[in-house]
Amino acid sequence: MVKTLLSVLLTLLLLVGAGIGEHFFVVSRFDKFSAAIDALCQKTQKEEATRADADTVKTLWNNEKKSLHILIPHADIAYIDYWLGEATGCIAVGDFAEALTKLEVLTVICEQLPQQYSVSIENIF
């Protein structure tokens, strides 16, 4: 009986520890990506952004999503790919106002998505 209780307690502690580790991992990845999006937003507001700048952010995202595929559903990753592609296209043709709206959507996604996978009462129940 004591061994069973210890096993259950140890399993719960491991699960909580893994959840907390996952949370910090996802948040750190999105913080890095969000900083790149913010820098691109600033360049876009000044109408100085180029296709190369957008491609740099896409390359960063492609590197980050390789490790995030384990933890985040493909649909969420594809959603970010879509908006990033749209923003890149707008920057490439010089439509900075439209690119800025798409980058704003990406900024909101980067704020909300990590919260959806955090260890919280709302997400557990």
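What you are looking at is a predicted structure, and each value in this text was computed from that prediction instead of being measured.
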List the atom pairs, donor and acceptor, that lie under 3.5 Å between side-chain atoms in residues 89-98 and the rest of the protein, sequence neighbours left out.
from : atom 1 : to   : atom 2 : distance (Å)
D95  : OD1    : E98  : N      : 3.4
E98  : OE2    : K102 : NZ     : 3.1

Original post:
How about W61 and I37: do any of their side-chain heavy atoms sit closer than 4.5 Å?
Top reply: no

Original post:
Would a 4.5 Å heavy-atom cut-off, applied to side chains only, mark F25 and L68 as touching?
Top reply: yes

**OP:** State yes or no: do I72 and Y79 share one hydrophobic cluster built from I, L, V, M, F, W and Y residues joined by side-chain heavy-atom distances below 4.5 Å, directly or via other members?
**Re:** yes

Original post:
When you look at L84 and F33, which way does the side chain to side chain contact (heavy atoms under 4.5 Å, CB included) test go after all the steps?
Top reply: CA-CA 11 Å; L84 189 55; F33 179 58; 4.2 Å; yes

**OP:** Would you check if the side chain of D53 reaches a backbone N or O of T50 as a donor-acceptor pair within less than 3.5 Å?
**Re:** yes

Subject >> Note, F30 side chain near I80 side chain (heavy atom, < 4.5 Å) >> reply: yes

Original post:
Is R29 salt-bridged to E64, going by a charged N under 4.0 Å from an acidic O?
Top reply: yes

Original post:
If we only count heavy atoms from C-beta on, is the P73 to D76 side-chain gap below 4.5 Å?
Top reply: yes

**OP:** Would you check if there is a donor-acceptor pair between the side chains of N62 and T59 at a distance under 3.5 Å?
**Re:** no

**OP:** With sequence neighbours left out, write down each residue that passes salt bridge (Lys or Arg N to Asp or Glu O under 4.0 Å) with K58, or none if nothing qualifies.
**Re:** none

**OP:** Applying side chain to side chain contact (heavy atoms under 4.5 Å, CB included), name anything that partners L15, two or more places apart in sequence or on another chain.
**Re:** T11

**OP:** State yes or no: do V8 and L10 share one hydrophobic cluster built from I, L, V, M, F, W and Y residues joined by side-chain heavy-atom distances below 4.5 Å, directly or via other members?
**Re:** no

Original post:
I70, L113: one ILVMFWY side-chain cluster at the under-4.5 Å cut-off?
Top reply: yes

Original post:
What is the distance from atom CD of Q45 to atom NZ of K43, rounded to the nearest 0.5 Å?
Top reply: 13.5 Å

Original post:
Hey, quick one: are V16 and V27 part of the same hydrophobic cluster, counting side-chain heavy atoms closer than 4.5 Å, chains of contacts allowed?
Top reply: no

**OP:** Hey, could you give me the CD1/CD distance between I109 and E104, rounded to the nearest 0.5 Å?
**Re:** 10.5 Å

